Engineer: 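The structure that follows is given in the form of structure tokens.
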Amino acid sequence: MKDIYILGIESSCDETAASIVKNGREVLSNIINTQIDIHKLYGGVVPEIASRSHILNISEVVKMAIKEANINLEDIDAVACTYGPGLVGALLVGLSYGKALSYALNVPLIGTNHIEGHIAANFITHKDLEPPFLCVMMSGGNTQIVHIKSYTEFEVLGRTKDDAIGEAFDKVARIMELGYPGGPKIDELGKKGKPTINLPKTHLDNLDFSFSGIKTAVMNLHHKNPDINKADLCKSFEKTVAEMLIDNTKKAIELTGIKTIVIAGGVSANSYIRDEFLKLKNCKVYMPDMKLCTDNAAMIASAGFYDFINGKISDLTLNAEPDLKI
Ligand code: KG4
């Protein structure tokens, strides 16, 4: 079979990224221009600044991805582009660029769901991984348990009712004045702490999550006692949210009988959460390579590859969908 080269483009939040992936699983280049240093001045992502920064960087990032992959523009078989979920202005930059390039090269455009991209990061890391499996998606904008039935068929079994888990990490870090993005800061400080502080776990009857209660509990504790041991608070927070994730994962295993578990999204980089998932008994657990946990375009190219070979092609009327679901 002829090799298939997909150009992936990602601009849904604060990373401008482009990548060339061969046959869905082999990364030839993975260029990421992160805006973290700009947004950390404001304590979070400023959407307007994100869009402008994507405009400034997209062209160079795509050129670098093609150069580093050592291919020519004419070798590209399709352009896969994130069209949601994310910040509308940010999404539009990558999508418009991707549409223009696919038109100019006369190759198909593939609108890619960013959440499906995070799941596909595991196809790159684990060459043996194939559906069906359960994926616990934990990112800055989403938290859900998804049944991946095939490369293009997904069923959401449960999702957060309020905050995404990454949002909770970032807000808790902000309360403790640890800096932005908060997840990695909590991860580091938590390594020095003990899980001695009792925090509330929200249990719902189904497979949904809720992280606003624990966020408020940390806020109240910190306000009442500003001298609280921050390392212990970080570790206790990680332990409690990890339990919530694992409890629902066990329920999903029981419900479906599927014992192949995959984690994905920015929070899957958390060292404590990774260790806890590895303790799941009688299951095969997969997690993405650390550099593929947070936003990148290789995962978009990989997800786009499976859409491409299954005939899921978009047209040039495709618009950005900030609230796109699986
Ligand atoms: O997946 P992602 O890059 O963005 C979305 O697609 O939503 O996830 C970003 C989130 C942020 O909330 C960030 O704080 C969190 O992932 N994160 C972490 C870690 N690294 C990134 N959270 C906990 N521990 C980490 N090591």
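Side-chain atoms are counted along with the backbone in the values below, which use heavy atoms only and exclude waters and symmetry mates. All ligand and atom numbering here is 1-based and tracks the order in the structure. Quantities reported herein were computed from a predicted structural model and do not represent experimental measurements.
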Engineer: Any nitrogen or oxygen of D170, side chain or backbone, less than 3.5 Å from one on ligand 1?
Structural biologist: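 Yes, there is a polar N/O contact under 3.5 Å.
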Engineer: Any N or O of P181 that comes nearer than 3.5 Å to an N or O of ligand 1?
Structural biologist: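 No; the residue has no nitrogen or oxygen that sits under 3.5 Å from a nitrogen or oxygen of the ligand.
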Engineer: Hey, quick one: are L73 and V107 part of the same hydrophobic cluster, counting side-chain heavy atoms closer than 4.5 Å, chains of contacts allowed?
Structural biologist: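 Hydrophobic grouping puts L73 with V107.
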Engineer: Would you kindly say whether E15 and N33 are connected by a side-chain donor-acceptor distance under 3.5 Å?
Structural biologist: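 Per modelled atom types, E15 and N33 side chains form no pair under 3.5 Å.
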Engineer: For atom 9 (C) of ligand 1, what's the nearest protein heavy atom and its distance?
Structural biologist: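 Ranking protein heavy atoms by distance from atom 9 (C) of ligand 1, first comes G140 N, 3.8 Å.
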Engineer: Give a yes or no on whether the backbone of R25 and the side-chain of K127 come within a donor-acceptor separation of less than 3.5 Å.
Structural biologist: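 Present.
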Engineer: Answer yes if the side chains of H114 and N142 hold a donor-acceptor pair under 3.5 Å, and no otherwise.
Structural biologist: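 Side chains of H114 and N142: no pair found under 3.5 Å.
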Engineer: Under 4.0 Å from any heavy atom of G141, which atoms of ligand 1 are there?
Structural biologist: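 Going through ligand 1 atom by atom, the ones under 4.0 Å from G141 are 7 (O).
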Engineer: Can you name the atoms of ligand 1, numbered from 1 with element, that are less than 4.0 Å from a heavy atom of H114?
Structural biologist: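 By the 4.0 Å cutoff, the relevant atoms are 5 (C), 6 (O).
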Engineer: For F169, take its heavy atoms, then give the atoms of ligand 1 lying under 4.0 Å from any of them.
Structural biologist: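 Here the atoms of ligand 1 in question are 23 (C).
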Engineer: Where does the angle between the aromatic ring planes of F123 and F133 fall among parallel (under 30°), tilted (30 to 60°) and perpendicular (over 60°)?
Structural biologist: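 Ring orientation of F123 relative to F133: perpendicular.
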Engineer: Does a donor on one side chain and an acceptor on the other come within less than 3.5 Å for N310 and T152?
Structural biologist: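 Result is no, nothing qualifies.
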Engineer: How far is atom 4 (O) of ligand 1 from the closest protein heavy atom, and which atom is that?
Structural biologist: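 I find the closest protein heavy atom is D295 OD1, 3.4 Å.
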Engineer: Does any N/O atom on G166 come nearer than 3.5 Å to any N/O atom on ligand 1?
Structural biologist: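 For ligand 1, there is an N or O atom that lies under 3.5 Å from one belonging to G166.
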Engineer: Kindly work out whether a path of hydrophobic side-chain contacts (I/L/V/M/F/W/Y, heavy atoms less than 4.5 Å apart) joins L207 to I119.
Structural biologist: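 L207 does not cluster with I119.
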Engineer: Answer yes if the side chains of S212 and D162 hold a donor-acceptor pair under 3.5 Å, and no otherwise.
Structural biologist: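 Checked: S212/D162 side chains pair up, N/O donor to acceptor below 3.5 Å.
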Engineer: In terms of atom number and element, which parts of ligand 1 are under 4.0 angstrom from non-hydrogen atoms of D187?
Structural biologist: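 Result: 24 (N), 25 (C), 26 (N).
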Engineer: Using 30° and 60° as the class limits, which term best fits the ring planes of F209 and F211: parallel, tilted or perpendicular?
Structural biologist: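 Answer is parallel, since the angle falls under 30°.
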Engineer: Below 4.0 angstrom, N of the basic side chain to O of the carboxylate: do K201 and D247 qualify?
Structural biologist: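 The answer is yes: the pair qualifies as a salt bridge.
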Engineer: Does ligand 1 have an atom that lies less than 4.0 angstrom from a heavy atom of C13?
Structural biologist: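 The answer is no, since C13 has no heavy atom less than 4.0 Å from ligand 1.
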Engineer: Kindly identify the option in S268, G183, S139 whose heavy atom sits closest to atom 23 (C) of ligand 1.
Structural biologist: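 Heavy atom nearest to atom 23 (C) of ligand 1 belongs to G183.
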Engineer: Which of the numbered atoms in ligand 1 are below 4.0 angstrom from a heavy atom of G266?
Structural biologist: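 Ligand 1 atoms under the 4.0 Å threshold to G266: 1 (O), 2 (P), 8 (O), 16 (O), 17 (N), 18 (C), 19 (C), 20 (N), 21 (C).
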Engineer: Do any nitrogen or oxygen atoms of S271 lie less than 3.5 angstrom from nitrogen or oxygen atoms of ligand 1?
Structural biologist: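 For ligand 1, there is no N or O atom that lies under 3.5 Å from one belonging to S271.
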Engineer: Taking distance alone, with no angle check, do T294 and ligand 1 share an N/O pair under 3.5 Å?
Structural biologist: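 Such a contact does not occur with ligand 1.
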Engineer: Is N270 in polar range of ligand 1, meaning some N or O pair under 3.5 Å apart?
Structural biologist: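 N270 vs ligand 1: N/O contact under 3.5 Å present.
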Engineer: Tell me which part of E15 gets within contact of ligand 1: side chain, backbone, both or neither, using heavy atoms under 4.0 Å.
Structural biologist: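 Under 4.0 Å from ligand 1, E15 contributes no heavy atoms.
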